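Structure record follows, encoded as structure tokens.
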Amino acid sequence: MTDFEHALLLLLLVAGLSVLGRWLPWPPLITYLLGGAGAAFLPWLPRFQLDPQFFFLCFLPPLLFSDGWLMPIRELLLAKRPILMLATGLVTFTTVAVGVVAHALVPGLPLAMAFALGAIVSPTDAVAVGSATEDLRVPARMTTILNGESLMNDATGLVAFKFALAAVLAGGFSPGRMLLEFSLLSLGGFAAGLAVGYGVGKLRDLLRSLRAGDTYVETTLSLMTPYAAYLLAEHLGVSGVLSVVAAGLYSGWRDPVRMDAEARQTAFGVWSLVIVWMNGIAFVLLGLQFPGLFAAVSHEFALPRLLVLTAAVAGTAMAARMVWVFPASYLPFLLPAVRARETPPRPAGVFVVGWAGMRGTVTLAAALSIPLLMPNGAAFPGRGIVIFLAFGVIAATLAVQGTTLRALIRALGIGEDAQRPREERLARMAAVEAGLAALRDLEPSASSQDQNAALGLVIAEYEQRLSVLTAEGETQRSARSRRHAGHRYRMAALRAERRALDHLWRGGVIIDDVYRPLQQLLDHEESLLQGSAPAAAE
């Protein structure tokens with residue numbers, strides 16, 4: 001079979017597992033992983049040899065970019081302390097803890113290679129966490145911390161892994177040199193990503209101003225942005241992961257305001273499909289590697305021994321996270337400056353953050369990138385068992401934490417905080433008031449009786465919406481039945497609503513979880529109005 005046929009087969013497998021997953025009581029990523037592992041034993045299925053470099057290039061840029069694009073900047077900055085504590089301190093703690101345990105339990109595993117295993121399993125997977133908590137209204141800050149951690153710890157974990165491998169090859173390493181190179185790689189990667197995001201944004205603005213682009217060109221450029229950021233960073237020798245994250249953060253700040261409604265809706269739809277494909281194929285491919293990974297170590301370790309090692313390493317990784325999150329959450333409040341700015345988090349929320357430590361694509365991709373041979377031609381020490389244990393940690397964390405996280409959140413009574421409903425009501429009132437003011441400004445220009453009647457209908461509708469909001473909060477309603485009347489006035493009001501929402505969001509008054517659904521509602525209403533424009537003109 002050709003590579004193209006393999007890709008089609010993988011997509012078909014993902015689609016079938018997606019259907020099956022609707023009837024299974026766990027997140028879909030677990031279904032993909034188990035389905036891939038089961039499909040690997042089918043005799044007629046081709047063997048998929050996973051190239052780590054291709055895996056990094058194909059899957060990581062769009063997945064990381066989409067996470068960065070959806071990351072709320074305001075909340076990210078407000079939660080920077082806990083995110084950095086998790087993305088740097090916890091990664092280091094996990095690397096050391098897992099390394100010590102693996103070195104003690106795996107015969108002949110070099111200490112540097114054991115630390116490489118610890119670095120490999122230290123990054124958490126934002127996709128796995130999001131899959132386990134979707135449809136649950138958890139506090140915005142908790143979501144931001146978990147997603148922000150997953151974005152940042154990919155970079156720190158992979159850099160730590162790089163230095164651990166260098167120690168295996170060289171027989172040692174310098175902590176000072178490691179810190180210097182880590183800083184250069186991180187800052188350089190972030191700068192490269194910002195440059196790519198800014199450059200692509202300016203290119204899209206230029207094409208729009210010259211009327212040389214369209215919705216599909218903008219969407220194509222959006223899809224190419226993460227790959228451009230990753231490849232530029234790799235060419236410059238800096239962190240490709242952080243470059244993609246930076247490009248995603250910048251684009252997520254820019255695109256919601258600079259793209260028009262049609263381009264935004266198209267890009268959102270295309271990106272949603274691409275991310276579903278990427279996540280599904282990535283986890284199916286992880287499952288398909290299981291027989292090969294098991295065969296590589298079964299001649300050296302018996303199955304019971306492998307199970308014990310996997311349980312020990314996975315248990316250490318999960319325990320290290322739980323041990324770290326409580327001191328990291330509460331010790332900063334010993335400082336008066338922190339107590340003055342923040343309130344301590346609930347222990348239940350801290351426990352959920354500690355339990356939400358599933359591993360995913362980055363972990364296995366890093367493990368598979370371990371070289372086959374040393375420079376002298378000898379086999380790379382411990383490669384097979386490290387890759388197998390990395391896969392075991394992914395499977396164990398998804399099976400144990402991924403299947404219980406939703407029930408844990410419900411059992412602990414964790415729900416969305418009161419801030420989101422208040423901000424949503426504020427945003428709706430500001431948008432409706434802005435639209436109503438724009439309509440009243442148009443009253444003098446309504447020259448005919450028909451225009452006056454149409455404008456009066458739209459003004460009455462906005463006044464009704466405002467009165468409902470002022471009284472008890474707006475219920476969702478639609479203006480479809482009236483879209484043929486007052487098209488021009490409705491468009492003016494929608495533009496004013498959009499400007500008001502953009503101003504609130506850019507000013508940090510409302511969070512992304514409030515801003516984006518309202519923006520999508522305005523996009524939808526604008527699309528309906530655009531579709532009815534010819535009829536209204538008649």
Side-chain angles (χ1 to χ4, degrees), residues 29-30 32-34 36-37 40 48-53 55-56 59-60 91 94-103 105-106 109-125 127-128 150 153-154 156-165 168 241 282-298 300-301 305-321 357-372 380-402:
L29 296 185
I30 299 177
Y32 296 143
L33 185 70
L34 295 177
F48 290 89
Q49 297 298 324
L50 191 57
D51 182 353
Q53 299 305 318
F55 191 86
F56 266 106
F59 291 94
L60 288 189
V91 165
T94 303
T95 298
V96 174
V98 171
V100 170
V101 170
H103 179 65
L105 295 181
V106 180
L109 184 67
L111 182 60
M113 199 61 180
F115 285 146
L117 172 61
I120 287 170
V121 302
S122 61
T124 54
D125 189 88
V127 175
S150 296
N153 66 14
D154 287 344
T156 53
L158 290 176
V159 171
F161 166 65
K162 173 180 177 292
F163 282 107
L165 281 189
V168 176
V241 172
F283 277 83
V284 167
L285 282 173
L286 296 187
L288 289 169
Q289 305 309 302
F290 174 72
L293 298 178
F294 179 72
V297 296
S298 58
E300 187 176 356
F301 299 92
R305 180 66 173 170
L306 288 174
L307 293 176
V308 170
L309 292 175
T310 300
V313 172
T316 301
M318 290 187 281
R321 184 177 180 87
M358 288 81 79
R359 273 64 173 181
T361 53
V362 173
T363 292
L364 191 60
L368 290 171
S369 68
I370 298 173
L372 290 170
F380 208 91
R383 182 180 189 273
I385 188 61
V386 165
I387 296 177
F388 182 87
L389 290 176
F391 180 92
V393 171
I394 296 172
T397 54
L398 286 176
V400 176
Q401 297 173 318

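Treat the numbers as computed from the prediction; the structure is a model and nothing was measured. Because only heavy atoms are used, hydrogens play no part in the values below, and waters and symmetry mates are left out as well, while side chains stay in. Each residue takes its place number in the sequence, starting with 1.
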With a 4.5 Å heavy-atom cut-off, do [X] and [Y] have their side chains touching?
X	Y	answer
F115	V98	no
F283	L34	no
T310	F388	yes
I370	M113	yes
L33	F290	no
F301	V106	yes
V101	L105	yes

Exactly one of M318, R359, M358 clears side chain to side chain contact (heavy atoms under 4.5 Å, CB included) with V393, and that residue is R359
Looking at N153, V96, T124, which one forms a side chain to side chain contact (heavy atoms under 4.5 Å, CB included) with V91?
N153
Compare every heavy atom of [Y] with every heavy atom of [X], then report the nearest pair and how far apart it is.
X	Y	value
L109	G382	CD1-CA, 3.9 Å
A102	L117	CB-CD2, 3.8 Å
F161	A119	N-CB, 3.5 Å
I120	A390	CG2-CB, 3.9 Å
A164	A112	CB-O, 3.8 Å
L398	I30	O-CD1, 3.1 Å

Rounded to the nearest 0.5 Å, what separates atom [atom1] in [X] from atom [atom2] in [Y]?
X	Y	atom1	atom2	answer
I385	L293	CD1	CG	10.0 Å
L29	I394	CG	CD1	11.5 Å
S122	R321	OG	CZ	10.5 Å

Could you please spell out the steps behind the side chain to side chain donor-acceptor pair (under 3.5 Å) verdict for T363 and D125?
CA-CA 9 Å; T363 292; D125 189 88; over 6 Å; no
